[in-house]
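The shown structure was predicted, so the numbers you read here are calculated from the model rather than taken from an experiment.
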Amino acid sequence: MIIYKLLLAIIILTYIYVTIVPICDYHDNMQKKFKTHYVQLLQTFMMDNTNYSKFKQAYNESSLNMIEDPNYCIESDTLKLLHPDILLQDKYIVRDLEKGNLQREIIKARMFDSIQNLLPLSKPQTKFQHRIPPQLTYFYTHKPRLQDNYHFGQGLGCMFQKFNHIPGLNTLTSKNSLIYNYAKYIQDMKNRNTSQQCIQNASYVPQTLRLNVKSECQQFFKKLNKLQTEYKNNIKQYNGPDYLLKTDEHRGEGIRLLFQSQIQNITEVYQNGELCGNVTEKIVAQKYINRPFLYKGHKIEFRIYIYLASSNPLQVYTYKRALIKRCANEYNPLSEQIPAHICNTAVTEKTHKNSSNQADGNIESEDEEMFIDWNLEGIEELLKEQGRITKKQQWLQNYLYPRIYSKIIHTIRSGQYSFYKDSRFSEFLAIDFLLDYELDIWLLEINYNPQILSVTPDRIKRNYKMIEDTMEIAFAYLKSKFKRIKLFIEQELFNYKYSGNRIRQVDFKNKFGNKFSQLLQDSSIDQEFTISPDNLYTHIIDESKSGKDQYFNLIDEECL
């Protein structure tokens with residue numbers, strides 16, 4: 001009996017040895033091949049084809065307290081190729097968002113928060129606390145230029161990583177650049193003899209003049225003087241400010257409305273236009289829309305969230321649930337109270353907080369009034385109740401959404417010349433629109449790193465869903481690229497007949513360079529990773545297609 005048990009044990013151990021050892025040897029052999037040759041081969045090609053001129057290249061500094069390892073990308077890419085579930089099943093994310101930020105809480109609750117105690121430093125330093133985890137896949141950071149602090153593609157920015165900021169996208173988020181691009185975009189359309197209808201559909205901002213540009217500054221003061229003369233001579237009745245001034249600040253900062261009592265100040269600064277060209281501060285003067293659409297007597301704006309899933313080729317999605325922002329004070333064009341005119345969340349929150357401290361009313365009820373939790377469908381219902389559109393009319397689907405999407409497309413087209421084109425970069429933005437009384441829409445500003453607030457229970461639930469939907473799209477592109485590159489290595493590089501022990505870089509470039517460049521792009525989502533039906537994003541730009549198909553027929557061919 002003992003001999004029988006010993007023989008059985010020997011047979012089992014022999015089977016385990018014969019089965020497991022080859023697997024371990026194969027795994028070790030594959031790891032060695034990836035780490036010492038194939039991943040290095042791909043990394044070198046990728047770095048040779050990376051245009052670093054868009055980066056500041058302030059290496060060896062980090063505001064995120066993360067050390068750079070020159071071999072980091074070899075380790076990270078090798079690990080994912082050997083263990084696909086790291087990318088295909090899991091979501092390893094690093095974020096620098098501070099405590100209390102809802103996005104941070106969503107990431108901690110729904111994904112793998114790779115560096116739990118990561119916080120931004122007040123000043124960059126060269127002594128680091130954190131090593132970057134090799135399984136890390138998505139960088140969700142407030143800092144917009146993380147790529148400047150590392151050798152991109154080597155110490156960070158590996159093949160299977162994505163970043164939530166696109167270098168060069170400030171051409172859209174800077175108010176001054178947004179206006180410059182808009183003016184140039186419209187002028188280019190006129191130079192091509194584009195139809196007036198196309199130009200009208202592409203017009204997305206109220207008339208705006210840059211005061212740091214001499215000709216536009218002089219034009220502004222000429223208009224301002226003319227208006228003052230008309231008011232003085234009773235030719236025109238004053239009905240509130242004609243212009244508002246904006247700087248490049250966000251969240252309600254740097255906005256001034258030119259009421260009659262405040263015109264003297266701007267006139268003195270520029271000496272009524274005499275100093276145009278000498279004052280270099282970037283200020284824009286924008287025509288004020290003084291007949292806005294009102295909700296319960298209050299001016300409202302709506303915010304559309306968009307996700308640029310890739311900049312090579314450009315892939316843009318818009319979120320179907322808009323954020324309705326109601327101004328804190330009742331609208332009166334003659335009121336000089338900023339909260340009656342500016343619906344910015346920061347202004348509304350401050351006003352709401354001050355009023356809550358002074359009142360003993362139902363704060364929860366005030367929250368529901370201040371932060372509207374219905375979508376654009378709510379505006380459609382209001383218009384039907386008011387009899388401005390018929391009950392059977394699909395105003396939202398047939399009128400408003402197509403105009404929102406086309407204006408977003410034109411806006412992005414106007415500034416994308418400066419985007420760094422690389423599939424590793426993405427961006428989550430918020431675009432604020434105003435709906436006027438005639439039901440025309442106007443783009444007010446574009447916000448990067450938009451605030452995601454937790455002011456009401458419904459808003460928290462919606463924001464959880466929005467971040468999860470965003471990540472689903474991001475990882476769908478990452479997984480698809482990973483699958484394409486992994487198959488490329490296994491089916492083509494492994495089987496390539498070459499002399500010697502390794503493929504030379506020059507041979508790889510000549511034989512596989514073009515194909516690998518295409519594989520690096522986020523050109524499509526593999527059927528295996530199709531976006532779920534309940535994802536609330538709508539695809540509006542896919543530049544892997546051609547002609548008007550790349551804009552899903554939202555823009556006519558003649559307008560391109």
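- Remark: Asn290 CG to Leu334 CG distance equals 9.5 Å, nearest 0.5 Å.
- Using a 3.5 Å distance cut-off with no hydrogens or angles, the side chains of Tyr420 and Asn312 do not pair a donor with an acceptor.
- With respect to the salt-bridge test (charged N to carboxylate O, under 4.0 angstrom), the residues Lys184 and Asp188 qualify.
- For the side-chain contact (heavy atoms from CB on, under 4.5 Å) with Thr267, the qualifying choice from Asn225, Leu258, Asn272 is Asn272, the only one to do so.
- Residues His341 and Tyr288 have side chains that bring a donor and an acceptor to within less than 3.5 angstrom of each other.
- Taking the ring centre of Phe163 as origin, the terminal cationic atom of Arg145 falls outside the region bounded by 6.0 Å and 45° from the ring axis.
- For the residue pair Thr171/Ser418, the side-chain donor-acceptor check at 3.5 Å is satisfied.
- With respect to Glu301 and Arg326, no salt bridge is recorded, no charged nitrogen being found less than 4.0 Å from a carboxylate O.
- Contact check for Leu434 versus Leu443: no side-chain heavy atoms found under the 4.5 Å cut-off.
- There is a side-chain donor-acceptor pair under 3.5 Å between Asn51 and Ser53.
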Discussion item. The test is ring pair (Phe, Tyr, Trp, His ring centres under 6.0 Å); show your working for Phe428 and Tyr305 and say whether it passes.
Written reply: CA-CA 7 Å; Phe428 178 68; Tyr305 293 100; 5.6 Å; yes
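- Looking only at side-chain heavy atoms (C-beta outward), Ile431 and Ile408 come within less than 4.5 Å of each other.
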Item to complete: Decide yes or no on side-chain contact (heavy atoms from CB on, under 4.5 Å) for Phe302 and Leu323, but give the supporting numbers first.
Response: CA-CA 5 Å; Phe302 60 90; Leu323 170 65; over 6 Å; no
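- Contact check for Tyr317 versus Ile540: no side-chain heavy atoms found under the 4.5 Å cut-off.
- Between the side chains of Ser426 and Tyr307, at least one donor-acceptor pair of N or O atoms lies under 3.5 Å.
- Among Lys175, Lys325, Lys246, the single residue meeting the salt bridge (charged side-chain N to carboxylate O under 4.0 Å, His left out) criterion with Asp432 is Lys325.
- Contact check on Asp96 versus Arg104 returns no salt bridge, with no Lys/Arg side-chain nitrogen under 4.0 Å from an Asp/Glu carboxylate oxygen.
- Remark: Lys287 is positioned above the aromatic ring of Tyr243, its terminal NZ or CZ atom under 6.0 angstrom from the ring centre and at most 45 degrees off the axis.
- Two residues are said to be in side-chain contact when any heavy atoms from C-beta on lie closer than 4.5 Å; Asp469 and Ile467 fail this criterion.
- If you check the side chains of Arg413 and Tyr185, you find a donor sitting under 3.5 Å from an acceptor.
- Considering only heavy atoms from C-beta on, Tyr231 comes within 4.5 Å of Lys236 through its side chain.
- Side-chain contact between Lys190 and Ile186 is present, with heavy atoms from C-beta onward closer than 4.5 Å.
- Summarising the geometry, atom CG belonging to Asn176 is positioned 10.5 Å from atom CD belonging to Glu281; distances are rounded to the nearest 0.5 Å.
- Gln550 and Asp542 share no side-chain donor-acceptor pair at under 3.5 Å.
- Side chains of Glu268 and Gln264: a donor on one and an acceptor on the other come within 3.5 Å.
- With 3.5 Å as the limit, one finds no donor-acceptor pair spanning the side chains of Gln57 and His151.
- With no hydrogens or angles considered, no side-chain donor-acceptor pair links His298 and Glu330 at under 3.5 Å.
- No donor-acceptor contact under 3.5 angstrom links the side chains of Thr194 and Glu558, judged on distance only.
- The residues Glu557 and Lys548 are annotated as not salt-bridged, no charged nitrogen and carboxylate oxygen being separated by less than 4.0 angstrom.
- No side-chain heavy atom of Val269 sits less than 4.5 Å from a side-chain heavy atom of Leu275.
- Between Leu211 and Tyr270 the shortest side-chain heavy-atom distance falls below 4.5 Å.
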Item to complete: Would you sort out whether Asn101 and Glu105 count as a side-chain hydrogen bond (donor to acceptor under 3.5 Å, both in side chains), showing the intermediate values?
Response: CA-CA 7 Å; Asn101 186 293; Glu105 299 307 314; over 6 Å; no
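- What you find for Arg424 and Gly153 is that their closest heavy atoms are NH1-CA, 3.8 Å.
- Under the ring-ring contact (aromatic ring centres under 6.0 Å, His included) test applied with Tyr204, the options Trp442, Phe433, Tyr182 reduce to a single match, Tyr182.
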